[in-house]
Amino acid sequence: MTMKDVRVRFAPSPTGALHIGGAHTALFNWLWARHSGGRFILRIEDTDLERSTPEYERTILDGLKWMGLDWDEGPDAGGDWGPYRQSERLDGYRRRAVELLDRGLAYKDGDAVIFKVPLGVEMTLHDTIYGDINIQSDRASMNQDGSVKDIVIIKSDGMPTYNYAVVVDDHDMNITCVIRGEDHISNTPKQMLLYRAFGWELPEFAHLPMILGADKKKLSKRHGAASVFEFSDMGYLPDAIFNFLALLGWTAGNDVEIFDRELATTLFDLAKVTKKPAVFDMDKLNFVNQEHLKRLGAAARREIIEPFWRSLGLSPERREKKYLEDALSLMGGRGRTTKELAEFSDYFVDFGPVKERYDASDISSDRRLAIRGFLGELLSSPEWEAAKMEELARRWCETNKTPLKDIAMPLRLALTGRKVSPGVFEVAALLGRDECRARLTHYGFVG
RNA sequence: GGUCCCAUCGUCCAGCGGUCUAGGACACCGCCCUUUCAAGGCGGCGACACGAGUUCGAACCUCGUUGGGACCGCCA
């Protein structure tokens with residue numbers, strides 16, 4: 001016997017950019033498809049003529065690609081169960097509506113078609129994540145006062161409603177497993193009634209826990225960054241967003257928290273997804289991002305940081321690639337985001353930002369004199385190498401009864417304009433003798 | 001208001017009746033390294049919401065209470 005091939009789908013409506021909640025849903029669908037060797041289908045639910053736009057569809061597709069989520073069937077990819085835009089599947093919805101009308105299960109109200117909710121039907125939603133949920137058809141669709149409300153399936157404008165279109169499409173597209181946000185649990189009974197009316201087999205349902213803002217309310221634009229591209233702009237890596245989002249409602253187990261797509265794919269299990277809504281925690285995201293940043297190879301790191309240097313007004317292309325890569329390696333694990341890493345390392349790219357933030361006015365003339373003595377020696381030292389420079393510095397400090405700190409800090413400030421940096425001598429070594437001389441001369445520390 | 005869902009450190013997860021004086025991670029705090037920390041090392045603080053059952057035994061099962069959330073559109 002062969003298991004039915006898994007077919008899952010992500011069905012966004014193109015009424016806005018892909019944001020965190022949607023990205024989370026898409027991610028879990030993708031993980032399940034890839035884990036089980038099934039297919040990941042992208043369907044565009046553009047039945048809201050007012051709000052849907054091709055531009056939004058584009059940004060959603062781009063957002064998914066940015067996250068590294070590829071789909072096997074979709075509006076641009078094609079597939080055997082197309083078309084993949086609901087606006088292009090209107091015939092199916094209408095034909096089915098007529099069928100319901102003919103069978104007396106629905107009635108017309110003007111141009112709209114309304115499905116008559118049957119009374120007294122006991123149903124059980126077998127949810128892979130939430131378990132069994134029992135509902136009575138009388139409560140599947142209600143007015144505010146609790147009275148039964150029939151379900152509109154075709155709107156007056158001829159377009160299908162959400163609850164109707166999903167059912168028809170999930171059936172027609174042979175979707176085997178519906179994975180979506182928990183906010184859809186209350187819609188499911190209505191949909192089950194429709195499946196029942198058509199005599200169709202139910203797909204597997206798996207509702208994902210909501211993602212909440214720090215205030216524990218459903219995440220929305222008012223919580224700050226909404227679109228995945230905003231996270232990209234802030235300096236978050238797609239791999240980190242992927243990793244972090246996967247951690248919301250699921251664990252890889254064995255204390256594994258940092259992983260790539262491949263590991264997540266092999267370890268993923270729908271049945272192990274949590275029920276509890278998860279708060280989107282920026283601190284944790286920062287940590288995950290930093291870990292991914294650390295794991296990047298030198299060249300990849302440079303390529304990712306370069307645009308951020310440019311947006312700081314710097315010109316990394318004027319530097320050797322090798323030099324920039326060495327600089328970033330020197331930075332070690334510093335910086336939680338690519339943006340921070342770029343800012344923290346700006347002095348390697350250009351002297352400009354250093355001059356902007358440091359003017360050496362904190363150095364008294366006495367100190368300056370002492371510093372000049374040391375730096376003169378340093379600049380003329382035969383070997384321009386970190387360890388040798390440090391050795392020289394230590395010896396000089398010993399003979400001059402000066403704490404190393406008193407010369408290391410001014411040097412750091414003059415070279416980087418910052419109080420924090422990798423080891424100064426390593427920084428100096430990488431910057432090069434000429435560059436160091438130029439910077440120190442600017443501050444009147446030598447010459 | 002109605003329907004449904006959820007409930008372990010501040011946050012994300014582990015825990016599936018005994019191995020729990022509840023484990024990890026983030027954050028926070030402290031210490032160490034050191035020329036600096038935004039890097040690295042070490043440690044600390046910190047939770048089973050409450051109340052009844054069931055059971056020899058409950059974080060784990062049941063019920064209730066409380067708290068939180070989602071949904072109640074010819075939006076999706």
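Throughout, protein chains are lettered first and strands after them, A, B, ... in sequence-line order, and every chain is numbered starting at 1. Hydrogens, waters and symmetry mates are skipped; everything else that's a heavy atom, side chains included, is used.
Taking the P atoms as reference points, A49(B) lies 15 Å from A14(B), given to the whole Å. For the C1' atom pair drawn from U66(B) and A25(B), the interatomic distance equals 30 Å after rounding to whole Å. Comparing A59(B) with U3(B), their P atoms are spaced 32 Å from each other, to the whole Å. Taking atom C1' on both nucleotides, U11(B) is separated from C63(B) by 31 Å, rounded to a whole Å. Taking atom P in both A70(B) and G53(B), the straight-line distance is 35 Å, to the nearest Å. Straight-line distance between the C1' atoms of G46(B) and C12(B): roughly 15 Å, to the nearest whole Å. Taking atom P in both C60(B) and U19(B), one finds a spacing of 13 Å when rounded to whole Å.
Close to G67(B), at under 4.0 Å from its OP1 or OP2, lies no side-chain N or O of Lys216(A). Put simply, Thr274(A) has no side-chain N or O that comes within less than 4.0 Å of OP1 or OP2 on C12(B). At the phosphate of G69(B), OP1 or OP2 sits under 4.0 Å from a side-chain N or O atom of Lys217(A). Between A70(B) and Ser186(A), no contact under 4.0 Å exists linking OP1 or OP2 to a side-chain N or O. The side chain of Lys419(A) places no N or O atom within less than 4.0 Å of a non-bridging phosphate oxygen (OP1 or OP2) of U35(B). Between Gln290(A) and C26(B), a side-chain N or O to OP1/OP2 separation shorter than 4.0 Å is absent.
Nucleic acid contact for Gly335(A): none, since no nucleic acid atom lies under 4.0 Å from a heavy atom of the residue. Among the protein residues, Arg336(A) comes within range of no part of the nucleic acid, since none of its heavy atoms lies under 4.0 Å from any strand. Within the nucleic acid shown, Gly249(A) comes within 4.0 Å of sugar-phosphate atoms alone, with no base atom in reach, counting heavy atoms only. Base contact: Ser421(A) has a heavy atom under 4.0 Å from a base atom. Residue contacts for Phe287(A): at a heavy-atom cut-off of 4.0 Å it reaches the sugar-phosphate backbone alone, with no base atom in range. Across all strands shown, Ala112(A) has heavy atoms under 4.0 Å from base atoms, whether or not it also approaches the sugar-phosphate. Nucleic acid contact for Lys294(A): sugar-phosphate only, since backbone atoms but no base atoms lie under 4.0 Å from a heavy atom of the residue. Among the atoms of the strands shown, base atoms are found under 4.0 Å from some heavy atom of His184(A). Ile135(A) comes within 4.0 angstrom of nothing in the nucleic acid, heavy atoms only.
If you take NZ of Lys276(A) and P of C12(B), they are 5 Å apart, rounded to a whole angstrom. Here the P atom of nucleotide C26(B) and the CG atom of Asn286(A) are 13 Å apart, to the nearest Å. Rounded to whole Å, atom C1' of G73(B) lies 16 Å from atom CE of Met159(A). Per the geometry, NE2 belonging to His292(A) stands 14 Å off P belonging to C26(B), to the nearest Å.
G51(B): Watson-Crick or G-U partner is C63(B), with both key distances under 3.5 Å. For C45(B), there is no paired base (Watson-Crick or G-U wobble, both distances below 3.5 Å). With a cut-off of 3.5 Å on both pairing distances, the Watson-Crick or G-U wobble partner of A70(B) is U3(B). Across all strands shown, A27(B) forms no Watson-Crick or G-U wobble pair with both distances under 3.5 Å. When Watson-Crick and G-U wobble pairs are counted only if both distances are under 3.5 Å, G40(B) pairs with C32(B).
With respect to the salt-bridge test (charged N to carboxylate O, under 4.0 angstrom), the residues Arg394(A) and Glu390(A) qualify.
Set against A76(B), A38(B), U35(B), the side chain of Asp48(A) has A76(B) as its closest nucleotide. Between A14(B), C74(B), G24(B), one nucleotide has an atom nearer to the side chain of Thr251(A) than all others, and that is A14(B). Among the nucleotides C5(B), U36(B), C74(B), the one closest to any side-chain atom of Val152(A) is C74(B). Considering only the side chain of Glu257(A), A25(B) comes nearest among A25(B), U35(B), C26(B). You'll find that the side chain of Val424(A) is closest to U35(B), out of G1(B), A38(B), U35(B). Looking at the side chain of Asp281(A), the nearest of the listed nucleotides G2(B), C26(B), C37(B) is C26(B).
With a 6.0 Å cutoff to the six-membered ring centre and a 45° limit on the axis angle, Arg7(A) counts as a cation-pi contact of Trp81(A).
A donor and an acceptor atom, one from each side chain of Ser147(A) and Asn143(A), are located under 3.5 Å apart. Gln191(A) and Asn163(A) share a side-chain donor-acceptor pair at under 3.5 Å. Looking only at atom types and distance, the side chain of His292(A) has a donor-acceptor partner in the side chain of Asn243(A) under 3.5 Å away.
In this structure a side-chain-to-backbone donor-acceptor pair under 3.5 Å is missing from His207(A) to Ile179(A).
Toward the 5' end of RNA chain B, the nearer of the two residues Lys149(A) and Pro209(A), judged by each one's closest nucleotide, is Pro209(A). Nearer to the 5' terminus of RNA chain B, by closest-nucleotide assignment, is the contact made by Asn134(A) (compared with the other of Asn134(A) and Glu340(A)).
Side-chain to base pairing of Arg334(A) with C37(B): one donor and one acceptor N or O lie within less than 3.5 Å of each other.
Taking the six-membered ring wherever Trp is involved, the centroid distance between the rings of His184(A) and Tyr162(A) falls below 6.0 Å.
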